[in-house]
Amino acid sequence: MGANMKRAFLDVKRQAHSYRPIEERIRDFNEVEVPPAPDVLKIQAERCMDCGIPFCHGCGCPLENQIPEINAAVAAGRLADAWDLLASTSNFPEFTSRVCPALCEASCTAGQHLDPVTIRQIERYTVDAAFEQGLVKIRRVTKRSGKSVAVVGAGPAGLAAADILNQHGHKVTVFERDRFPGGLLRYGIPDFKLDKGVIERRIKLLEAEGVVFETGVNIGIDISCDYLKRKFDAIVIATGTRAPRDLNVPGRELKGILPATVFLAKQNRLVSGEDSGEHPFTAKGKKVLVIGGGDTGSDCVGTSIRQGAKSVTQIEIMPKPPETRSVNTPWPAWPYMLRTSSSHLEGCDRRWNISTKAFQGKNGSVQRVCCTEIEWELSPQGKPLKFTEKGEPFELEADLVLLAMGFTGIPKEDPYPAQLGLNLERNLIKAGCDGITDVSGVFAAGDVKSGPSLVVRAIASGAKVAQSVNAFLNKK
Ligand SMILES: Cc1cc2nc3c(=O)[nH]c(=O)nc-3n(C[C@H](O)[C@H](O)[C@H](O)COP(=O)(O)OP(=O)(O)OC[C@H]3O[C@@H](n4cnc5c(N)ncnc54)[C@H](O)[C@@H]3O)c2cc1C
């Protein structure tokens with residue numbers, strides 16, 4: 001590390017990404033983020049303090065990316081070294097560098113008193129430049145183990161497990177219910193956050209390396225789990241948690257009220273050309289109400305705006321988080337604080353402490369939502385405990401209501417857990433952190449094991465479970 005670099009965190013200000021102008025970006029579904037120029041990022045990488053204990057690596061990043069070493073390599077212009085370091089722990093940095101909330105940056109030591117290093121953008125530069133410069137090569141598997149693995153679900157967890165098991169020499173087949181692989185990367189996260197060409201590029205690589213994809217196959221229905229047990233030496237279940245939480249209040253049966261994922265998946269299919277025609281629930285000219293203040297809700301906001309909504313309101317039952325890191329989540333923890341996405345900046349009214357009581361409509365279609373304001377009783381640590389209603393009920397006009405209130409686990413109608421004899425816990429597959437379930441040879445990874453979370457955690461889970469599967473197969 002050069003002498004000038006040691007002080008860079010004091011002398012150089014953080015320069016993160018920008019966004020395309022709002023007027024331009026709301027007219028298309030292209031990625032909104034504009035990464036800093038490579039020269040800027042090299043200087044930004046010099047801001048890394050190379051601190052004694054890299055919390056970003058050990059505490060922040062679930063993949064344990066070697067962040068200080070990557071930063072040093074980027075700062076020194078050693079792209080090939082940066083790429084080798086990144087690829088040694090991360091299967092798909094091209095996904096995380098676009099959609100990760102950057103847990104690493106929240107635990108960056110520089111962030112204690114100054115602004116954290118722009119770790120996610122440095123990751124994005126490393127992987128994008130590595131692809132552009134031909135450093136990402138097909139890793140041919142020269143020695144096969146003679147063992148086979150069925151991975152059920154082609155989301156980030158299943159893809160990570162498939163990648164690693166294939167590199168260990170096992171013959172991997174990924175079964176996916178949807179028409180194309182990617183899971184929520186493809187059918188949940190909008191294109192304006194993650195261009196689907198980035199997924200295609202990775203799937204082609206995995207195929208070239210020997211991973212087989214069987215898409216449009218619903219395991220448990222199109223193919224029984226008995227068949228999987230007979231044909232494969234191990235099974236990895238990475239099916240996600242797509243049962244959406246519903247809001248069973250009067251009027252729920254009205255037309256124009258639907259789960260966020262149905263709305264978002266259809267738009268992604270239209271953008272990719274998988275489907276054609278009009279969006280059946282288009283927000284065009286409508287007053288949209290998004291119920292749920294999280295990331296999925298924010299994606300509904302951005303999608304509705306691009307479809308030409310008349311207005312977009314997002315309501316949340318929880319209290320408004322503080323503008324800065326809450327004292328209850330001190331560094332290096334992931335901070336509880338208000339997050340404003342690029343979609344929110346495009347024009348949306350956000351309200352908190354609101355409970356939905358009923359939907360009302362005319363001729364079978366929703367027209368308004370009846371709400372009340374609520375007040376939370378907080379624990380001494382600031383955790384919301386229970387709420388009471390306050391003030392007069394009020395109405396919000398809405399002719400499209402998108403329910404973005406999280407997920408409840410495995411859809412009840414899915415037969416595969418019972419066919420495999422798996423035990424469930426909180427409507428998820430019961431398994432240890434190593435992914436080992438109660439049924440020998442069957443493993444679980446990602447959201448279906450731990451509950452709805454993040455892409456980076458799904459990849460880390462898939463990678464960890466792959467090691468358990470490999471150990472199991474080597475003993476077999
Ligand atoms: C709208 C939305 C936006 C999000 N945005 C972000 C974000 O910006 N950043 C972030 O980090 N995280 C985000 N997340 C969360 C993230 O996408 C998930 O945590 C992650 O995709 C989980 O990965 P997974 O592989 O466990 O499951 P999934 O991605 O859900 O993949 C599971 C796959 O299994 C398939 N499957 C299910 N059952 C069967 C069966 N019986 N047979 C065959 N295949 C089956 C499904 O079709 C699916 O393709 C978002 C989630 C949503 C819903």
Side-chain angles (χ1 to χ4, degrees), residues 33 62 91-92 95-103 120 150-162 173-194 199 213-225 228 235-245 259-265 267-268 290 292 294-303 339 341-343 402-407 409-411 413-417 419-420 428-429 435 444-463 465:
E33 210 172 273
N91 299 80
F92 315 123
F95 304 157
T96 46
S97 65
R98 283 171 170 76
V99 301
C100 193
L103 312 177
R120 182 169 68 81
V151 174
V152 184
L159 293 177
T173 306
V174 181
F175 293 95
E176 169 53 53
R177 186 170 56 183
D178 277 322
R179 196 161 146 207
F180 296 106
L184 287 171
L185 293 169
R186 187 185 287 273
Y187 294 108
I189 299 175
D191 290 67
F192 58 78
K193 275 164 65 182
L194 175 66
I199 308 174
F213 288 90
E214 297 272 356
T215 56
V217 178
N218 194 344
I219 292 297
I221 293 177
D222 301 324
I223 291 182
S224 76
C225 293
L228 290 191
I235 301 171
V236 177
I237 302 292
T239 44
T241 56
R242 248 193 264 180
R245 180 165 288 113
T261 40
V262 172
F263 176 74
L264 294 171
Q267 183 58 52
N268 287 10
V290 180
D295 281 348
T296 303
S298 147
D299 291 345
C300 290
V301 169
T303 302
R339 288 170 211 286
S341 71
S342 61
S343 296
L402 302 170
L403 305 175
M405 302 170 305
F407 301 88
I410 302 170
E413 61 278 11
D414 279 9
Y416 69 84
Q419 287 182 8
L420 286 167
L428 303 170
I429 293 175
D447 283 5
V448 77
K449 177 175 84 67
S450 315
S453 187
L454 295 172
V455 171
V456 68
R457 292 209 178 98
I459 296 172
S461 169
V465 170

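Nothing here was measured: the structure is a model prediction, and the numbers come from that model. One-based numbering, in listed order, for ligands and for the atoms of each.
Counting heavy atoms under 4.0 Å from ligand 1, residue Thr96 does not touch it at all. Residue Phe407 touches ligand 1 through its side chain alone, judged by heavy-atom distances below 4.0 Å. Residue contacts with ligand 1 for Ser453 involve N, CA, C or O but no side-chain atom from C-beta outward (heavy atoms, distance under 4.0 Å). The parts of Ala157 lying near ligand 1 are both backbone and side chain, judged by heavy-atom distances below 4.0 Å. Residue-level proximity to ligand 1 for Thr239 is carried by backbone and side chain together, each with a heavy atom below 4.0 angstrom. Counting heavy atoms closer than 4.0 Å to ligand 1, residue Val152 contributes side-chain atoms (C-beta onward) but none from N, CA, C or O. Residue-level proximity to ligand 1 for Lys193 is carried by the side chain, the only part with a heavy atom below 4.0 angstrom.
Regarding atom 12 (N) of ligand 1, its nearest protein heavy-atom neighbour is Val455 N, 3.4 Å. The protein atom (non-hydrogen) at minimum distance from atom 52 (C) of ligand 1 is Thr296 OG1, 3.6 Å. Gly153 CA, 3.2 Å is the protein heavy atom nearest to atom 34 (O) of ligand 1. Distance from atom 44 (N) of ligand 1 to its nearest protein heavy atom, with residue and atom name: Arg177 N, 3.1 Å. At the top of the distance list for atom 29 (O) of ligand 1, counting protein heavy atoms only, stands Leu184 N, 3.0 Å.
For Tyr416, no nitrogen or oxygen atom sits less than 3.5 Å from a nitrogen or oxygen atom of ligand 1, counting backbone and side chain alike. Looking at ligand 1, you'll find an N or O of Asn218 within less than 3.5 Å of one of its N or O atoms. Ligand 1 has no nitrogen or oxygen under 3.5 angstrom from a nitrogen or oxygen of Pro101. Checking only distances, Asp447 does come within under 3.5 Å of ligand 1, N or O to N or O. For ligand 1, none of its N or O atoms has an N or O atom of Leu185 under 3.5 Å away. For ligand 1, the polar-atom distance check against Thr261 finds no nitrogen or oxygen pair separated by under 3.5 Å. Annotation: Ile219 places an N or O atom under 3.5 Å from an N or O atom of ligand 1; distance criterion only. Taking any N or O of Ala458, backbone or side chain, none lies under 3.5 Å from an N or O belonging to ligand 1.
With salt bridges taken as basic N to acidic carboxylate O contacts below 4.0 Å, one links Arg120 and Glu33. Between Arg242 and Asp178 there is a salt bridge, with a side-chain nitrogen of the basic residue lying less than 4.0 Å from a carboxylate oxygen of the acidic one.
Heavy atoms only, all atoms of each residue included: Asp447 and Gly240 are closest at CB-CA, 4.0 Å. Nearest approach of Ile189 to Val99, heavy atoms of both residues: CG2-CG1, 4.0 Å.
In summary, the atoms of ligand 1 found under 4.0 Å from a heavy atom of Phe175, numbered by their order in the structure, are 43 (C), 44 (N). Here is the list of ligand 1 atoms found below 4.0 Å of a heavy atom in Asp178: 47 (O). Close contacts of ligand 1 with Leu264, meaning ligand atoms under 4.0 Å from a residue heavy atom, involve 1 (C).
In this structure, of Ile221, Asp295, Ile189, Val151, the residue bringing a heavy atom nearest to atom 50 (C) of ligand 1 is Ile189. Among Ala238, Gly183, Pro415, Ala444, the residue whose heavy atom sits closest to atom 32 (C) of ligand 1 is Ala238.
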